[in-house]
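Sequence lines set the chain letters: A, B, ... in the order given, protein chains first and strands last, and positions in each chain run from 1. As the structure is a prediction and not an experimental result, all values here were calculated from the model.
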Protein chains: 2
Amino acid sequence: MTRTEFSVTVDLVLLTIRQAALQVMLVRRGIPPHQDRWALPGGFVLGDEDLGDAAARELREETGLDPRDGHFEQLATYGRPGRDPRGRVVTVAYLALLPDLPTPVAGSDAAGAAWRPVDEVRGELAFDHDQILADGVERARSKLEYTPLATAFCPPEFTVADLRAVYETVWRTRLDPRNFHRKVTSADGFVESAGGTVIRDRGRPAQLFRRGPATTLHPPLLREPSRPAE
Amino acid sequence: MTRTEFSVTVDLVLLTIRQAALQVMLVRRGIPPHQDRWALPGGFVLGDEDLGDAAARELREETGLDPRDGHFEQLATYGRPGRDPRGRVVTVAYLALLPDLPTPVAGSDAAGAAWRPVDEVRGELAFDHDQILADGVERARSKLEYTPLATAFCPPEFTVADLRAVYETVWRTRLDPRNFHRKVTSADGFVESAGGTVIRDRGRPAQLFRRGPATTLHPPLLREPSRPAE
DNA sequence: TCAAAAGTGTTATAGATACACCCATGT
DNA sequence: ACATGGGTGTATCTATAACACTTTTGA
């Protein structure tokens, strides 16, 4: 029985919404392989570390954030021979959905870290990171349908319009503000009132909400609406 | 930067429905660690093998089946330090949903391979395989809601009642045969007529169907029904 | 006063639920 | 004849889509 030795890394798909666009955190690689190309942040798993702990450590190093500031889950694992020229490297990708940070990227050890719109980096990434990013974006898109994770993109207190902007940005659609409002506020445990109101630009003040205790949405919010009969 | 060396394995959660129960393929371990305990089938990833290829190879070795005979997908990756006493072993788990094989397990190299009801093996498995199995079962349960994968548990031609039995077994519920029939036959691309009919036990002959081209179900079939007002 | 965003009300339609009822077979 | 499972029809209810309309602010 052949027991090949592998290196194991974690790579992070960190998604946020900035400037009305879905953006991903990338780092510019300072060393070969793929020197000077953009890549997902990541690193080797240490000797006594669980995979999720290694990913959480990388998240902290890159952004100063804790996994529980947003949403954090394992995405998938990639191990094609040849995906890394240094040898046999398997990477476990994690997906995080994060609020747009008011604080600058504090403890980042990667000077070249930057948020980039996901639509602008397609095809540009090192290793197989284009595929990993695409998988992460698709996971995020579909999770918005069945879970209240859209709130992970929002700060602790947010308006219904903020939440709608998340859906519209991630799904690249327009949603009816009036029906969306009703749906969100009536779905059990999706959001709960935070009490205050806020005026964003013009118009009537909007109520503030916090994320509710629900972990799944019943009924779901579907991307492809049940269209009228053809 | 510490670059710990890992071994990488694939483990398979092979699910099928036999004797009206959701069953999982297990092997009795012939060697330490965990000698004589039941475990998920699996093995080491070879030097020039992709992860999915390694899992497909194990599937073939255990059951003689090809991944496309049912449904096959990556489940999750487990790498807790200490999960394997032999050292640092990361395992990439794959989930397969398979029809009940009329053929005996042909080329199996594990003499102790057997189908076991998932409800009877909880807490009995080696390594962290109880967790992996639980994750696989939950993935299967939720995928039945939004995808037509229930057909993966069925032979190439099946009746609506066969398909309903899949849902009832996996979800541990009863579904109304009449409403289920309508739903399945009207959902676009879920099943298509295979032309023939078959008499199972008593009663009117049932039409035969094949799996249709759909990859997602719109609208979904939900486990938790929208209940009447309380 | 007006534009703009927040939020409510209303109607029409699709989907789900419950269940009465008919169909086609074996015994 | 009748038991059994297959399958259709239909009333009731819930959820969604579309959109008219009111509320509350800034300019």
Side-chain angles (χ1 to χ4, degrees), chain A residues 20 144-146 154 157-168 171 173-188 190-209 214 216-230, chain B residues 20 144-146 154 157-168 171 173-188 190-209 214 216-230:
Chain A
L144 292 204
E145 297 194 295
Y146 309 115
C154 296
E157 302 202 342
F158 53 87
T159 68
V160 174
D162 293 337
L163 196 59
R164 180 163 49 85
V166 170
Y167 278 92
E168 292 184 335
W171 284 352
T173 38
R174 293 281 113 184
L175 298 172
D176 185 296
R178 300 158 292 188
N179 292 335
F180 184 84
H181 184 280
R182 216 192 327 259
K183 180 121 188 179
V184 164
T185 52
S186 69
D188 210 52
F190 192 173
V191 298
E192 49 192 33
S193 175
T197 63
V198 68
I199 300 166
R200 282 278 186 260
D201 187 21
R202 283 176 288 276
R204 174 173 168 177
Q207 292 176 253
L208 285 170
F209 292 88
T216 56
L217 287 186
H218 283 283
L221 256 159
L222 297 176
R223 272 180 284 185
E224 301 182 20
S226 50
R227 72 239 163 197
E230 302 163 46
Chain B
L144 293 203
E145 297 194 292
Y146 309 115
C154 296
E157 302 202 342
F158 53 87
T159 67
V160 173
D162 293 336
L163 196 59
R164 180 164 48 85
V166 170
Y167 278 92
E168 293 184 335
W171 283 353
T173 37
R174 296 280 112 185
L175 298 173
D176 185 297
R178 299 158 293 185
N179 292 336
F180 183 84
H181 184 280
R182 216 190 329 253
K183 180 120 190 180
V184 164
T185 53
S186 68
D188 210 52
F190 192 172
V191 298
E192 48 192 34
S193 175
T197 63
V198 67
I199 299 164
R200 280 279 185 258
D201 187 21
R202 283 174 289 277
R204 173 174 168 177
Q207 292 176 254
L208 286 171
F209 292 88
T216 57
L217 288 186
H218 282 283
L221 257 158
L222 298 176
R223 272 181 282 184
E224 299 182 21
S226 51
R227 71 240 162 196
E230 300 161 45

At a cut-off of 3.5 Å, list every protein nitrogen or oxygen paired with a nitrogen or oxygen from nucleotides 24-26 of chain C, distance to 0.1 Å.
{"from": "C/dA24", "atom 1": "N3", "to": "B/R204", "atom 2": "N", "distance (Å)": "3.4"}

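In this structure, CZ of A/F180 is placed 14 Å from P of C/dT8, rounded to the nearest angstrom. Rounded to whole Å, the distance from CZ on A/R178 to P on D/dA20 is 8 Å. The distance between atom CG of A/D176 and atom C1' of C/dG9, rounded to the nearest whole Å, is 13 Å. Between the P atom of C/dA6 and the CG atom of A/L163 lies a distance of 12 Å, rounded to the nearest Å. Between the P atom of C/dA14 and the CG atom of A/L222 lies a distance of 16 Å, rounded to the nearest Å. Nucleotide C/dA14 holds its P atom 15 Å from the CG atom of B/D188, rounded to whole Å. One can place CG of B/N179 at 16 Å from P of D/dT12, the figure rounded to the nearest angstrom.
Of the candidates C/dG7, C/dG9, C/dC21, C/dG9 carries the atom nearest the A/R182 side chain, counting heavy atoms from C-beta on.
Residues B/C154 and B/L163 share a closest heavy-atom pair of SG-CD1, 4.0 Å.
Evaluation of the side chain to side chain contact (heavy atoms under 4.5 Å, CB included) rule for A/Y146 yields A/P220, A/L222, B/Y146 as partners, not counting sequence neighbours. Scored by the side chain to side chain contact (heavy atoms under 4.5 Å, CB included) test, B/R178 finds B/D176 as partners (sequence neighbours excluded). Residues satisfying the ring pair (Phe, Tyr, Trp, His ring centres under 6.0 Å) criterion with B/F190, sequence neighbours excluded, are absent altogether. The salt bridge (Lys or Arg N to Asp or Glu O under 4.0 Å) search around B/E168 returns B/R164, B/R174, not counting sequence neighbours.
A close approach under 4.0 Å does occur between a side-chain nitrogen or oxygen of B/Q207 and OP1 or OP2 of D/dG7. A sub-4.0 Å separation between OP1 or OP2 of C/dA6 and a side-chain N or O of A/H181 is absent.
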Would you list the atom pairs, donor with acceptor, under 3.5 Å between side chains in residues 202-209 of chain A and any protein atom, with sequence neighbours excluded?
none

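Comparing B/P220 and A/T159 along DNA chain C, the residue whose closest nucleotide (by nearest heavy atom) sits nearer the 5' end is A/T159.
Residues B/V184 and B/Y167 form no side-chain contact, since every pair of their non-hydrogen atoms from C-beta on lies 4.5 Å or further apart.
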